[in-house]
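For reference, the structure is listed below as structure tokens.
Sequence lines set the chain letters: A, B, ... in the order given, protein chains first and strands last, and positions in each chain run from 1. All values reported here derive from a predicted model rather than from experimental measurement.
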Amino acid sequence: MTAREEVLGRIRSALGDRPAAPPIPRECLRGGVHSPGSPELALQLVDRLEDYRATVVRVGAADDGDIGRAVGDALASREIGQAVTPRGTPREWTGWLADVVVDEGQLSARDLDAIPAVVTGAVVAIAETGTIVLDGGPLCGRRAITLVPDTHVCVVRARDIVQTVPEALARLDPQRPLTFVSGPSATSDIELDRVEGVHGPRTLVVVVVG
Amino acid sequence: MSTFLGIPRARVAGPAADVAVGQLSGDRPFPAAAHEALADSRLRRNLAHATSTIRAKRAAVVEEVPDWEALRDAGSAIKADVMARLPELLEELEANVQSRGGVVHWARDAAEANAIVTRLVRATGAKEVVKVKSMATQEIGLNEALEAAGIQAHETDLAELIVQLGHDKPSHILVPAIHRGRAEIRDIFARQMPGVDPALTDEPRVLAAAARKYLREVFLRAEVAVSGANFAVADTGTLTVVESEGNGRMCLTLPRTLITVMGIEKVVPTWADLEVFLQLLPRSSTGERMNPYTSTWTGVHTVDGSADGVPDGPQEFHLVLLDNGRTRALADELGRTALHCIRCSACLNVCPVYERTGGHAYGSVYPGPIGAVLTPLLTGLTGGHDPNDSLPYASSLCGACYDVCPVKINLPDLLVQLRAQHTEAHTESHRLPSAEATAMKAAAWTMADAGRFAKAGRAATLARHVIRRGRPVLPLPPPLNGWTASRDAPTPPAETFRDWWTRTRGTR
């Protein structure tokens, strides 16, 4: 008998009493009070991001050039002039940087380790938890580029901000490789003392647009 | 002074725990191990600080959620549904992982899972693997098995790294180095971490930076990663890892080959079900609204989704589905609810026993209240001298664990049931009944008859002459001295309730 047959056989015999699958109560809240893109959600997102030590830059109803200026300022203030960005971000977003590497999949992990920053978009942001979600698509890039560089600048548009976790999951495609990011990398492994910045980007800058 | 927990004492060889194997048993019973832990004042200080910190964080973020109880109900029901439909859900998961380019393996026990992983790593030619923190691979002792095969396993979670470099054992599900203070961790790094600056201080920030520097090079060269999984979604084939440091992302993204070892109970039916657990787990576990990083993946990925597109993450993915005693727990109607556990560790942080003894005293990689039920359910109670037989007694039954459990596992009920099962197993494996069983039998005979009970009550009042301030005047013979060694003996009154009632009201 294969291990598969044996394990499945053991499970079936363990369930010999035929337990009924219970009805699942779905009284928990799924939608939020505020509709996606509302100003309240942008405020809540900013509050929660800052609570987890992300840096937030607000840009009003802006075009891609304004976003680029905010991205450029955020990196310049950290003395960073080089960044990698995925193919699908508007070129204006990185227009103020001296050295922009567009990722076509050609960069190895070691190449990325030598690049100080990455500039991407996000597909969804969750206000209640201060979370941005990357889906590996044209705006977010493959997973390695938002992981290896030490500073991640992420542009979030107000229309993509939802209030709750269930609203976010409903917008996402599980067939994509998803990364939910809530603040910079952190650990509490030493005496439960929270330290921001371990293996992932130690600095997270979120540009909230609109 | 020994701590007498009412455990049947006499020792004869019972059948060894033979279903689950791996790092699930210590070498001595809980009271003996706890005795040593209680004497370690530094350990108790570290534990008290850490558990009180995390309790407060959890309470604050749970308070924020208006529908917390509804979420717990949903989480509990989804898990009960999973157990009821486990074979179908696992087959669905398998089919979906395979259709997205993953390979699914099944393992009856720890030895088989270790053999599968070792064979897969060897096939890549790699001599080392990077590991995401995972309870399943701790349980099966994968690092030791790989080492025996000449493959080095690098733990990359900071706490797991502390444990690995210190040649130590994990003592908590979430923060395995909770028993270590910063000064001890600094010393471990200074002695054991290759290439570390010997002048490093004991600031958590400095220690975390040292780990980053050391592991960065390991991540960049690694070809194979091994992970566990927090959840696997049957209807999409999606795997999920929830973490904080980014070491998980490194392992799940950079190496060419990814091997995930997952207990069969970790499957959830649908993508939408994740919404419940992604709210319950971070708040219960680290006390955050959301942990810094959650990664999901479905088979192997390319940037444009085509078979020959630019790779995104590992291009070879193996999923190992592990039984190792889980079907044994599943067979028990109440015991199967222990398989609902999402390994948040909230029950450890509120447990008055765990807070004082720490995790090592439990012997198993699963400590605390959930460990005290899950471990004996996986390995079986023998009624003999297996150390795990003592675990259901490692509780005051205060119920704090049940209150915080995000999937509402009734831990006190499980502990009581396991104690009953242990007593029965003990009776079966011993010719002579235990002192406790004999005393209970005598009490039952006395209480069955009103006349006998009244006489026994009057006889007991005489004991007041031999008890002073909670202590017997003369040492009691065994086994009675076991009871009074750690408890006061109540002084019986001069008159029984029945006599008092008859005297004062009996004539009306």
Could you tell me whether the side chain of B:R212 and the main chain of A:V198 form a donor-acceptor pair under 3.5 Å? yes
Contact class of B:E243 relative to chain A, heavy atoms under 4.5 angstrom: neither
Can you say whether B:R205 sits under 4.5 Å from chain A via the side chain, the backbone, both, or neither, judging by heavy atoms? both
Between B:L321 and chain A, with a heavy-atom cut-off of 4.5 Å, which part of the residue counts as in contact: side chain, backbone, both or neither? neither
How far apart are the closest heavy atoms of A:R142 and B:V303, and which atoms are they? CB-CG2, 3.8 Å
Under 4.5 Å heavy-atom distance to chain A, tell me which part of B:N247 shows up: side chain, backbone, both or neither. both
Considering all heavy atoms of both residues, which atom of A:H199 and which atom of B:R216 are nearest to each other, and what is their separation? O-NH2, 3.0 Å
Among residues 75-94 of chain A, which residues come closer than 4.5 Å to chain B, judged by heavy atom distances? none
If I measure from the heavy atoms of chain A, does B:L274 come under 4.5 Å with its side chain, its backbone, both, or neither? both
Measure the CG-CG distance between A:L169 and B:L278 for me, rounded to the nearest 0.5 Å. 6.0 Å
Which residues in residues 101-119 of chain A have any heavy atom lying under 4.5 Å from a heavy atom of chain B? A:E104, A:G105, A:A109, A:R110, A:D113
Please state whether the side chain, the backbone, both or neither of B:P311 comes within less than 4.5 Å of a heavy atom of chain A. backbone
Hey, which of A:I126, A:T179, A:I11, A:I145 has the most heavy atom pairs under 4.5 Å with chain B? A:I11
Below 4.5 Å from any heavy atom of chain A, which atoms of B:T286 appear? Answer side chain, backbone, both or neither. neither
Distance alone, cut at 3.5 Å: any donor-acceptor contact between the side chains of A:T187 and B:E245? yes
So which of A:V133, A:D51, A:V195 has the biggest tally of heavy-atom pairs under 4.5 Å with chain B? A:V195
Side chains of B:Y293 and A:S185: does their closest heavy-atom pair fall under 4.5 Å? yes
B:L71, part contacting chain A, at a heavy-atom distance under 4.5 Å: both
Output for pair (A:D193 CG, B:R182 CZ), nearest 0.5 Å, gives 5.5 Å
Would you say A:T146 and B:R249 are linked by a side-chain donor-acceptor pair, where the criterion is simply a distance under 3.5 Å? yes
Cut-off 4.5 Å, heavy atoms of chain A, and the answer for B:A107 is backbone
Result block: side-chain N/O donor-acceptor pairs under 3.5 angstrom for residues 201-210 of chain A, not counting sequence neighbours:
{"from": "A:R202", "atom 1": "NE", "to": "A:D150", "atom 2": "OD1", "distance (Å)": "3.2"}
{"from": "A:R202", "atom 1": "NE", "to": "A:D150", "atom 2": "OD2", "distance (Å)": "3.1"}
{"from": "A:R202", "atom 1": "NH2", "to": "A:D150", "atom 2": "OD2", "distance (Å)": "3.0"}

Identify which part of B:K57 has an atom lying under 4.5 Å from any heavy atom of chain A, answering side chain, backbone, both or neither. side chain
For the interface with chain B, which of A:P23, A:A186, A:P25, A:G183 has the highest count of heavy-atom pairs at distances below 4.5 Å? A:A186
Side chain from CB out, backbone as N, CA, C, O: work out which of these in B:L90 comes under 4.5 Å of a heavy atom of chain A, or both, or neither. side chain
If you look at every heavy atom in A:L172 and B:W271, which pair is closest and at what distance? O-NE1, 4.0 Å
Minimum heavy-atom distance between A:G136 and B:D312, given as atom pair plus value: CA-OD2, 4.2 Å
I'd like to know if the side chain of A:R143 reaches the main chain of B:M250, judged simply by a donor and an acceptor atom lying under 3.5 Å from each other, with no hydrogens or angles considered. no
Is it the side chain or the backbone of B:T240 that comes within 4.5 Å of chain A heavy atoms, both, or neither? neither
Hey, is the main chain of A:P174 close enough, under 3.5 Å, to the side chain of B:T236 for a donor-acceptor pair? no
Minimal heavy-atom distance between A:A144 and B:L254, with the atoms involved, is CB-CD2, 3.9 Å
Where on B:E112 is there a heavy atom nearer than 4.5 Å to chain A: the side chain, the backbone, both, or neither? side chain
Can you say whether B:E203 sits under 4.5 Å from chain A via the side chain, the backbone, both, or neither, judging by heavy atoms? neither
Anything in residues 12-21 of chain A with a heavy-atom distance to chain B below 4.5 Å? Please list those residues in order. A:R12, A:A14, A:L15, A:D17, A:P19, A:A20, A:A21
Might you point out which heavy atoms bring B:R289 and A:Y52 nearest each other, and give the distance in Å? N-OH, 3.0 Å
